[in-house]
Amino acid sequence: MASAATAAPPKQHPTSPKSSDSRPRTPTWAWALPPVAVLGLVFLYPLALVVQQSFQPDTGGTSLQPYADVLASPSFLEALRTTVWIAVAATVGALVLGFVLALVIAFVPFPGGKAVARFIDVFLSFPSFLITLALLFIYGTVGMANGLWTDVTGAAEGPFQFLATPWGVLLAEITYFTPFVMRPLLAAFSGIDTAQLEVASSLGARPARIVRQVILPEALPALAAGGSLVLVLCLNEFGIVLFTGAKGVTTLPMLVYSKAILESDYPGACVVAVVNVLVSVGLYGLYRVVSRRAGA
């Protein structure tokens, strides 16, 4: 009798883990369906329509003629060169200026330093045309700087006429996008142990060497993140170029606007838009490869 009692298996509690595992579970891939559906509806479907329209000339049918016409036009080649060099130059300028300003805010004590760091977060919410308008009020043809010059010298016009040139667009983009580099840099600098800086300084290292050997390696991932973001944003920037009034500066987004709104050339506008997307993705991928090989 005792052997029978010991041989009987214990009853499993209904709330044991084994019984709960027997319930049907939702497959993991099913949780990815809602975001993929939203992404496809909001982004991929309109993009597919743009690509489809780029192969449909106004004469009807489907052909590569819109691409042949646009890619061979001098206006497109000039817009492509202008877009790339302004985007690359603005990214380099924002990286250099953002790194220097972030160093000052993070490691040079001065009154109001924390308030300036908080203002960087607020600045990120500003629209790009607002910064452009501010520069126009200062350096525009009838801006403060030119007005002060004409009042003092009696000249008919002031010397500051660069805002309607590529240099004005470059200045506006560097001014606007520098905080996008500073924000990740300030976060990276906050994690640096100040004891390392004190030890390096006590060993006789100069500030430039401390920045190069201690701070810069810690900042490379943040520089790569901020630089890649600024590069993509500059490649697709429209408001700054439009509000500076730089008539001689035509970028790819401006060319899309010109062909679609002014010329009613929708296949041509779609071709330029597709090329703009490819250039953005290509330069972004190249930047990430370079930054990864650099140790960022």
Side-chain angles (χ1 to χ4, degrees), residues 78-79 81-183 185-186 223 226-227 229-255 257-258 262:
E78 180 65 24
R81 286 192 294 266
T82 303
T83 302
V84 172
W85 89 257
I86 288 181
V88 172
T91 301
V92 173
L95 285 173
V96 174
L97 183 60
F99 183 73
V100 173
L101 294 179
L103 277 177
V104 173
I105 294 175
F107 300 109
V108 180
F110 64 94
K114 293 184 178 180
V116 173
R118 294 191 188 98
F119 177 75
I120 298 300
D121 296 332
V122 178
F123 190 93
L124 297 178
S125 64
F126 289 175
S128 59
F129 70 86
L130 184 61
I131 305 304
T132 308
L133 288 178
L135 291 176
L136 286 173
F137 279 123
I138 300 175
Y139 299 110
T141 304
V142 293
M144 296 170 55
N146 283 322
L148 181 62
W149 178 272
T150 55
D151 291 341
V152 173
T153 63
E157 60 181 14
F160 304 102
Q161 306 293 335
F162 64 89
L163 276 185
T165 68
W167 301 109
V169 176
L170 185 61
L171 173 63
E173 291 195 359
I174 291 176
T175 302
Y176 179 68
F177 290 115
T178 294
F180 288 82
V181 176
M182 295 176 63
R183 183 63 269 174
L185 279 175
L186 290 175
L223 283 172
L229 175 62
V230 170
L231 180 63
V232 173
L233 292 176
C234 288
L235 286 169
N236 300 282
E237 180 57 39
F238 174 75
I240 288 178
V241 183
L242 181 65
F243 276 84
T244 53
K247 297 180 180 179
V249 180
T250 302
T251 59
L252 291 180
M254 286 294 296
L255 190 60
Y257 172 81
S258 176
L262 303 181

Using residues 100-111 as the side-chain source, report each donor-acceptor pair under 3.5 Å to any protein atom, sequence neighbours left out, with the distance given to one decimal.
none

- Message: Quick check on side chain to side chain contact (heavy atoms under 4.5 Å, CB included): which of Val241, Ile174, Thr82 does Val169 satisfy it with?
- Response: Val241
- Contacts of type ring pair (Phe, Tyr, Trp, His ring centres under 6.0 Å), residue Phe137, not counting sequence neighbours: none
- Query: Would Phe99 and Leu185 count as a side chain to side chain contact (heavy atoms under 4.5 Å, CB included) if you check the C-alpha gap in whole Å, the side-chain angles of each, and the deciding distance to 0.1 Å?
  - Reply: CA-CA 7 Å; Phe99 183 73; Leu185 279 175; 4.2 Å; yes
- Item | For Trp149, all residues meeting ring pair (Phe, Tyr, Trp, His ring centres under 6.0 Å), sequence neighbours excluded | none
- Item | Partner set under side-chain contact (heavy atoms from CB on, under 4.5 Å) for Ile131, not counting sequence neighbours | Phe123, Phe126, Thr175, Tyr176
- Item | Residue list, side-chain contact (heavy atoms from CB on, under 4.5 Å) with Ala87, at least two apart or on another chain | Leu231, Cys234, Leu235
- Item | Qualifying residues under ring pair (Phe, Tyr, Trp, His ring centres under 6.0 Å), relative to Tyr139, sequence neighbours excluded | Phe160, Phe162
- Message: I'd like to check the salt bridge (charged side-chain N to carboxylate O under 4.0 Å, His left out) partners of Glu78; sequence neighbours left out, ordered by chain and number.
- Response: Arg81
- Item | side-chain contact (heavy atoms from CB on, under 4.5 Å) partners of Leu233, counting only residues at least two apart | Phe177, Phe180, Leu229
- Task: Can you sort out the partners of Leu133 under side-chain contact (heavy atoms from CB on, under 4.5 Å), two or more places apart, ordered by chain and number?
- Result: Phe129, Leu136, Phe243
- Item | Partners meeting side chain to side chain donor-acceptor pair (under 3.5 Å) with Glu237 (sequence neighbours left out) | Ser128
